Amino acid sequence: AGDGKGKGKGKGKGKVSEEGSKRSAEGEADASEPKRQKTSGDSAELVPNLKEMRERIKVQKRAFDGSALEKAAPLLKWDYPTQLSMKATYVKTAVRSFTKHALKRCEKLSRQPPPWCLKEWWTAVKAPQGCCCPLDTPIGAPEESLRGWRNKCEFTIGHNEAGEVDVGFILKIRPDGALVVGGVQEVPLVPAAMQKLCSTVSAIVASSPFAVFDRRGGAKSGVWRMLLARQNPAGEMLVMVQTATLEGEDRTRFVDAFLAKLLAVDLGVISVYLQFNSEVTDAARPNAPIHLLHGKPRLEMPMQGLRLEIGPLSFFNPNTTTCELLMEAIIKYLCPRKTDVILDIFSGVGTIGLCAAKFCDQVIGVEIVAEAVEDARRNAERNGITNAVFHAGKAEDLVPRLLGDLDESLEVCAVVDPSRAGLHPKLVDILRGRAQVVRIVYVSCNAESMAEDVAKLGTSTEEEADDFVPVRAVAVDSFPQTLHVEVVQLLERSSRVADPRKAVAEGAPSEAVAEGLAS
């Protein structure tokens, strides 16, 4: 595979062909997304395009003028089938953009576009108009989990519009830097126990001799900053309060009073942490001190028959119910054999790799957060999983060595679950250039950055290279009532994907061709 350092030369290379450009342009024209979608049913109301809503809210972030309910659950006014349809359309639009990104990249590299960029390919695989691959039926949240679904919430301790102490979500930031907080009692995605926790802590703060931290520029006075809560399906809760740094007698008085009043209320709290943060922002530095004040150090979360333990700062999907469905979709797309290696990049506490371990020969996890790696190792041991190992470090540094240590005859199925920024360019080149990696399952909560990465994985500098082909995708709604949605995208080596145009030309029904590509 090409390494991105040179340009191909010789017959068939050069600028994108007129025929290819024409075909792709036709697809782009047909794929243009209407600005608004109609709702189902008798209502004549028009449903905003989700991408437009996301952009508009991003612009209005500092000047938001509404309630915590409106900010945290902006899609609540539409019924859930409509919400799911909006998100499916958003993902479909992102998949359509794979081609646009790939064509731009090919033009820059002076090479022909890969076949999956052409309209004949889309038609042959029965993909939605303008999409290079089929989309499976979106996976929605079950009806019983549409309310109170968040297993983790971060609440700001501050003042509301009336100037009263409140614990909830940030509504807006005033010009002087002061935060306006809105209560969460009416926000449906917050569990009832966490709503009660916010009311309890609000009363504790209001009667405390310690002031709320003043976030205005240059002030840096006060103590109370934020509250983190995690809850498992059994109703057990882990709580972490963040404050400015406290020492000596002040720390003792603070801790004793907080624990006494918090634990006096029936909230299911089994673990209480204290985090010190004296920075201007509530986003603490990675090395900010954390102290266990009460109870167990970890909260147990069930997942696919496993018992996973997580700490206050562990990454774990915020919706336990749909996370089960997400794991099923990922494993289905990975399609591992007992002889395969699963490379779990951005493995966190090991959720994906450990759920998939029984289907493969070995799981290799890579994660930059050392604490999460320790959690993953403990989770493997706790669940009796002996074929999973986890490494701490940057993926772009570790993955080449880990792949190099494997027998070249082994086939590797990689799963990547990066941050919203997407994959490091070096990691893209590594995955595309190592022939051992035969399949990639890309999990993303940012379909737009994923689209750019998919284009790069599918177009190296050499046209003859065995690049990746987008094969199928599915939207997973882990975040009901919000603007967010997850995408699972399957990519296979081009050498393993039969050209669907040939099968159609030979008379095979297009439905059978699509089924063969996506199986």
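Numbering starts at 1 and runs along the sequence shown. On a predicted model such as this, the values are computed, not experimentally measured, just so you know.
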Crowding at CD, Glu328 (>12 non-hydrogen neighbours, <6.0 Å): yes

Donor-acceptor under 3.5 Å (Arg230 side chain, Ser314 main chain): yes

Candidate pair Arg105 and Asp467, rule salt bridge (charged side-chain N to carboxylate O under 4.0 Å, His left out), full reasoning: CA-CA 14 Å; Arg105 180 172 165 80; Asp467 293 332; over 6 Å; no

Donor on one side chain, acceptor on other, Asp466 and Ser494, under 3.5 Å: yes

Smallest separation among heavy atoms of Gly148 and Pro191, with atom names: O-CG, 3.5 Å

Glu408 and Gln436: CA distance, side-chain angles, deciding distance, side-chain hydrogen bond (donor to acceptor under 3.5 Å, both in side chains) verdict: CA-CA 7 Å; Glu408 291 186 2; Gln436 294 159 291; over 6 Å; no

Side chain Ser278, main chain Thr245, donor-acceptor under 3.5 Å: yes

Chi angles and distances behind the side chain to side chain contact (heavy atoms under 4.5 Å, CB included) call for Cys133, Val95: CA-CA 8 Å; Cys133 66; Val95 172; 4.1 Å; yes

Heavy-atom pair of closest approach, residues Cys198 and Val184: SG-CG2, 3.8 Å

Check: Trp122 side chain, Pro134 main-chain N or O, donor-acceptor pair, under 3.5 Å: no

Pair Tyr333-Gln489, side chain to side chain contact (heavy atoms under 4.5 Å, CB included): steps then yes or no: CA-CA 8 Å; Tyr333 277 19; Gln489 175 70 50; over 6 Å; no

Separation between CG of Leu457 and CG of Asp429, rounded to the nearest 0.5 Å: 9.0 Å

Within-4.5 Å side-chain heavy-atom neighbours: Pro400 and Arg434: yes

Any side-chain heavy-atom pair of Phe169 and Val190 under 4.5 Å: yes

Carboxylate-amine/guanidinium contact Arg298 Glu300, below 4.0 Å: no

Any side-chain heavy-atom pair of Leu403 and Leu343 under 4.5 Å: yes

Interatomic spacing from NZ in Lys152 to CG in Leu299 - rounded to 0.5 Å: 12.5 Å

From Arg439, Arg493, Arg496, residue fulfilling salt bridge (Lys or Arg N to Asp or Glu O under 4.0 Å) relative to Glu411: Arg496

Check: Leu228 and Gln242 side chains under 4.5 Å, non-hydrogen atoms: no

Backbone of Ala244 reached by a side-chain donor or acceptor of Asn277 within 3.5 Å: no

Positive for side-chain hydrogen bond (donor to acceptor under 3.5 Å, both in side chains) with Glu309, one of Arg382, Lys296, Arg378: Arg382

Step-by-step salt bridge (charged side-chain N to carboxylate O under 4.0 Å, His left out) determination, Lys104 to Glu107: CA-CA 5 Å; Lys104 284 184 178 180; Glu107 186 172 5; over 6 Å; no

Heavy-atom closest contact (Ala475 atom, Val91 atom, distance): CB-CG2, 3.6 Å

Side chain proximity check, Val469 to Pro114, heavy atoms < 4.5 angstrom: no

Check against side chain to side chain contact (heavy atoms under 4.5 Å, CB included), Leu50 and Thr89: CA-CA 8 Å; Leu50 195 63; Thr89 299; over 6 Å; no

CD (Glu144) with more than 12 external heavy atoms under 6.0 Å: yes

Exam field: side chain Ser85 to backbone Pro81, donor-acceptor pair closer than 3.5 Å: no

Neighbour count above 12 (heavy atom, 6.0 Å) for Arg147 CZ: no

Distance (rounded to the nearest 0.5 Å) between Asp477 CG and Leu84 CG: 6.0 Å

Side-chain (Asp375) to main-chain (Gly348) donor-acceptor, under 3.5 angstrom: no

Polar side-chain atom of Asn379 near backbone of Val349 as donor-acceptor pair, under 3.5 Å: yes

Over all atoms of both residues, closest heavy-atom pair of Tyr273 and Pro297: OH-O, 2.6 Å

Side chain to side chain contact (heavy atoms under 4.5 Å, CB included) between Ile345 and Leu423, intermediate numbers included: CA-CA 10 Å; Ile345 304 176; Leu423 301 178; 5.9 Å; no

Distance (rounded to the nearest 0.5 Å) between Ser444 OG and Glu486 CD: 8.0 Å

Check: Asn383 side chain, Ile385 main-chain N or O, donor-acceptor pair, under 3.5 Å: no

Parallel, tilted or perpendicular: rings of His484 and Phe479 (30°, 60°): perpendicular

Rounded distance (nearest 0.5 Å) linking atom CG of Asn151 with atom CD of Gln231: 8.5 Å

Side-chain donor or acceptor of Glu448 paired with backbone N/O of Ala94 under 3.5 Å: no

Any side-chain heavy-atom pair of Thr320 and Trp149 under 4.5 Å: no

pair Cys355-Leu306: side-chain heavy atoms closer than 4.5 Å: yes

Under 3.5 Å: donor-acceptor pair, side chain of Lys71, backbone of Ile170: yes

Pairwise side-chain contact, Val369 with Leu313, heavy-atom cut-off 4.5 Å (strictly under): no

Heavy-atom pair with the smallest gap, counting every atom of Thr99 and Cys117: CG2-O, 3.6 Å

Heavy-atom closest contact (Ala376 atom, Leu354 atom, distance): O-CD1, 4.1 Å

Nearest-0.5 Å distance, OH of residue Tyr442 to OG of residue Ser449: 5.0 Å

